[in-house]
2 protein chains.
Amino acid sequence: MAEKPTHVDSFRVQNDRQRNQTVSTTGCQPFVLPAAESDKLERIIEASPALKKGTHLFHQGDPFMSIFVVRAGTLKTYTVTNEGEEQITGFYFPGEVVALGGIGNDEHPVSAKTLETTTVLEYPYQPLDSLAGQIPNLRTQIVSCMGKEIRDEQQMMLLLSKKTAEQRVATFLYKLSVRFKQRGYSATLFRLSMSRNEISNYLGLAVETVSRIFTRFQKQQLIKVEGKEIEILSLERLYTVSGDEKQSPEQSVQYR
Amino acid sequence: MAEKPTHVDSFRVQNDRQRNQTVSTTGCQPFVLPAAESDKLERIIEASPALKKGTHLFHQGDPFMSIFVVRAGTLKTYTVTNEGEEQITGFYFPGEVVALGGIGNDEHPVSAKTLETTTVLEYPYQPLDSLAGQIPNLRTQIVSCMGKEIRDEQQMMLLLSKKTAEQRVATFLYKLSVRFKQRGYSATLFRLSMSRNEISNYLGLAVETVSRIFTRFQKQQLIKVEGKEIEILSLERLYTVSGDEKQSPEQSVQYR
DNA sequence: CGTCATATTGATACACGTCAAGGCGAGTGG
DNA sequence: CCACTCGCCTTGACGTGTATCAATATGACG
């Protein structure tokens, strides 16, 4: 409702029709199709240039036009309370799909911003949706991505309302580890592309708390922290601390 | 991984092929189609009998087969931490779609349980998805529902990590009001189908806190509480308290 | 090599959880 | 029709996990 500021830091794919250089989607698992169909899909994709740290892919309230897949780098998405408070709703690594919350809405419900130099693929939604009508496989994949987003957010709700600060940080690190491993990187040694501030915001904690827990975990020989470099010394114990471990042989706690 | 208990309280639509009595979807907004196509859709729908309070529609971990639309009554969905803690992830009223988190997954990520006598329509997912291939309009509607679910959950994440107890309760009541109004019921006078316990669980608070805030709001002439009956005396002030109000003419708070 | 953001660490405060004790209403059985 | 019970709700007193405030350290960048 307020006047839209001109987002000088916004990225907009120039819609030049030089769609010859078939974009290589190497390293991106979403939307894998047999060659013939893959070709149709690639015809609608736009590759972004390298976006430097701090660039917005889109702002909350911008008209929803496309979804994006991260090729390299990291993104965060966040909403802003009308009280001006920011809440980070997710971090996105290569191969992950961003902006699904905009589907079925005329505007983006969140902003998306790069945490480091990042490149993305832009999938203009209208053509993508038409294609999805022709290619059942593609439809399934889009819808699956959305389903996963819903499940991830439900997990996050659980974290935010039931877990202690320690469990939150442990969960965060553990899940990062799993994601990195999936992408072929080390599960135990990696670099955090987000600041402590961003971590704390995402986890619903104060920066100081996250900092303290990092050092506490270090003292407990759970992890080794050196600035943004993290080494996980015991994935198992970290998982235990996270509170997600399945335990107690039988606890069919029926709510009533 | 643990042996599945036999859910005696589970509801399963009997798949009898007596699909003559064209199910009336009156009062349900989702999946509205022109007559011809609507007919195809209705052929795959199964109507449930009246499910009494406390019945499970499905349990977390059950194989995902269908999505559901509430016709009458109320449902809650919830996950269980492996520590046995329950977290309610949503309440669903007539016309709303349940189980979207299961799409693209082999099993339901949450359990769904009735809060009162409830009837639902079951949409077996496989046929629904095929139909979505033939009817672009239907595909759009499904995907829109999922988008909305994602957005709602993002809002909830914000609530859980940034809002005070008062703001949470105010938000809860305000949003209920909006939903009731949309369905043609009074926006200011309604009955809570969930217990205080369930409200507090959903909002990430203790029961006592919710109770105290109800009485506090009552003293402030914001609402009138009488057991499960709620009357909202000032929607405007409630909205203000919720913290969602757009305020301060200019606050382009750029995060950095 | 200064400058400014980011991170750590300690001291203190408070919002909300936890514990405990009634109160209230709905269903049940005598 | 009453007494009893059992959930659910409310209210008060108290405890604590984490936020907040403040000071310093560290590191990135021009």
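Computed from a predicted structure; not experimentally measured. Chain identifiers are assigned alphabetically (A, B, ...) following the order of the sequence lines, protein sequences preceding nucleic acid strands; residue numbering begins at 1 within each chain.
Considering only side-chain N and O atoms, A/Thr209 lies under 4.0 angstrom from the phosphate OP1 or OP2 of D/dA19. Put simply, B/Arg212 has no side-chain N or O that comes within less than 4.0 Å of OP1 or OP2 on D/dT11.
In the helix from C/dC1-D/dG30 to C/dG30-D/dC1, the end axes, each obtained as the rotation axis mapping the C1' atoms of four pairs onto the next four within a five-pair block, lie 40° apart to the nearest 10 degrees.
Residue A/Arg216 contributes atom CZ, which lies 14 Å from atom C1' of C/dG10 at whole-angstrom precision. Atom CD of B/Glu226 is separated from atom P of C/dC24 by 13 Å (rounded to the nearest Å). The separation between B/Asn197 atom CG and C/dT18 atom P is 12 Å, rounded to whole Å. For the pair A/Asn201 CG and D/dA19 P, the computed distance is 12 Å after rounding to whole Å. A/Glu166 places its CD atom 17 Å from the P atom of D/dT16, with the value rounded to the nearest Å. Between A/Met194 atom CE and C/dA7 atom C1' there is a gap of 16 Å when expressed in whole angstrom units. At whole-Å resolution of the value, CD1 in A/Ile230 and P in C/dA7 are 11 Å apart. Atom pair B/Gln167:CD and C/dA15:P shows a separation of 12 Å (rounding to whole Å applied).
Side-chain proximity of A/Ala206 to the nucleotides D/dT18, C/dA7, D/dA19 is greatest for D/dA19. Closest approach to the B/Thr215 side chain among C/dT18, C/dA7, D/dT10 is made by D/dT10 (side chain taken as heavy atoms from C-beta onward).
With respect to the salt-bridge test (charged N to carboxylate O, under 4.0 angstrom), the residues A/Glu116 and A/Lys52 do not qualify.
In this structure, B/Ser211 and A/Lys163 both approach DNA chain D, and ranking their closest nucleotides by distance from the 5' end singles out B/Ser211.
Using a 4.5 Å heavy-atom cutoff, the side chains of B/Lys76 and B/Tyr92 are not in contact.
Between A/Phe64 and A/His108, the angle of the ring planes goes over 60°, which puts this pair in the perpendicular group of the 30/60° scheme.
The base of C/dC16 has none of its N or O atoms less than 3.5 Å from a complementary donor or acceptor on the side chain of B/Glu208.
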